[in-house]
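Step one of this worksheet: look at the structure below.
All values reported here derive from a predicted model rather than from experimental measurement.
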Amino acid sequence: MTPKPPHRPDTDECVRGASALTRAFGVLGKRWSGVVLGNLRFGPAGFRELSRATGGVSDSVLSDRLSELTKAGLITRAVDAGPPVSVSYELTPSGQALIPALEQIAQWAEEHLPPESSQ
């Protein structure tokens with residue numbers, strides 16, 4: 001009995017897969033996006049808390065990433081009128097669904113990429 005050859009995707013499958021990856025990395029490929037999402041896996045957090053947890057990100061870049069992730073439907077922004085006024089960010093169900101994939105990417109990086117050199 002001859003073994004069955006592995007499934008070879010047709011062109012449409014390849015195009016759909018490439019399109020999905022392009023959309024995903026359009027959001028996740030920006031520096032700090034994955035880190036912000038990973039930090040929110042523990043629950044809601046405010047801007048300062050995320051800034052400290054992310055480390056090395058400027059306030060303007062963090063603000064941009066939070067806006068982009070909100071627009072992409074991965075996090076929500078809640079404002080408590082206070083006083084004092086406070087803003088917190090939290091993963092949406094779509095953001096929560098992404099966490100296992102981010103954990104797998106982190107594990108892969110630990111196993112296959114060299115550590116960053118401190119300069």
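Here the straight-line distance linking atom CZ of Arg23 with atom CG of Leu21 works out to 9.0 Å at 0.5 Å rounding. Atom CZ of Arg65 is separated from atom NZ of Lys30 by 5.5 Å, given to the nearest 0.5 angstrom. Rounding to the nearest 0.5 angstrom, the gap separating the CG atom in Leu62 from the OG atom in Ser67 is 9.5 Å. Taken to the nearest 0.5 Å, the CG atom of Leu40 stands 9.5 Å off from the OG atom of Ser88. Here the straight-line distance linking atom CG of Asp64 with atom OG of Ser58 works out to 8.0 Å at 0.5 Å rounding.
Leu69 and Val61 fall within the same hydrophobic cluster, defined by Ile, Leu, Val, Met, Phe, Trp and Tyr side-chain heavy atoms under 4.5 Å apart, directly or through other members. Note on Leu98: it does not cluster hydrophobically with Phe25, by side-chain heavy-atom contacts below 4.5 Å among ILVMFWY residues. At a threshold of 4.5 Å between side-chain heavy atoms, the hydrophobic network of Ile, Leu, Val, Met, Phe, Trp and Tyr places Leu102 and Leu113 in two separate groups.
Closest approach of Ser94 to Gly73, counting heavy atoms only: CB-O, 3.8 Å. Closest of all the heavy-atom pairs between Ser33 and Val27 is OG-O, 3.3 Å.
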**Message:** Run Glu111 and Gln107 through side-chain hydrogen bond (donor to acceptor under 3.5 Å, both in side chains) and show every step you take.
**Reply:** CA-CA 6 Å; Glu111 294 173 5; Gln107 180 179 345; 3.1 Å; yes

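Looking only at side-chain heavy atoms (C-beta outward), Leu91 and Leu74 stay at 4.5 Å or farther from each other. By the 4.5 Å heavy-atom criterion applied to side chains, Gln96 and Thr92 are not counted as neighbours. Side-chain contact between Thr70 and Thr76: absent, with no pair of heavy atoms (C-beta onward) separated by less than 4.5 Å. Side chains of Arg77 and Glu90 form no contact here, defined as non-hydrogen atoms less than 4.5 Å apart.
Shown are Leu66, Val57, Val35; of these, the side-chain contact (heavy atoms from CB on, under 4.5 Å) with Leu50 is made only by Leu66.
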Side-chain donor-acceptor contacts of residues 42-49 below 3.5 Å, not counting sequence neighbours, with atom names and distances?
{"unit_1": "Arg48", "atom_1": "NH1", "unit_2": "Asp59", "atom_2": "OD1", "d": "3.2"}
{"unit_1": "Arg48", "atom_1": "NH2", "unit_2": "Asp59", "atom_2": "OD2", "d": "2.8"}

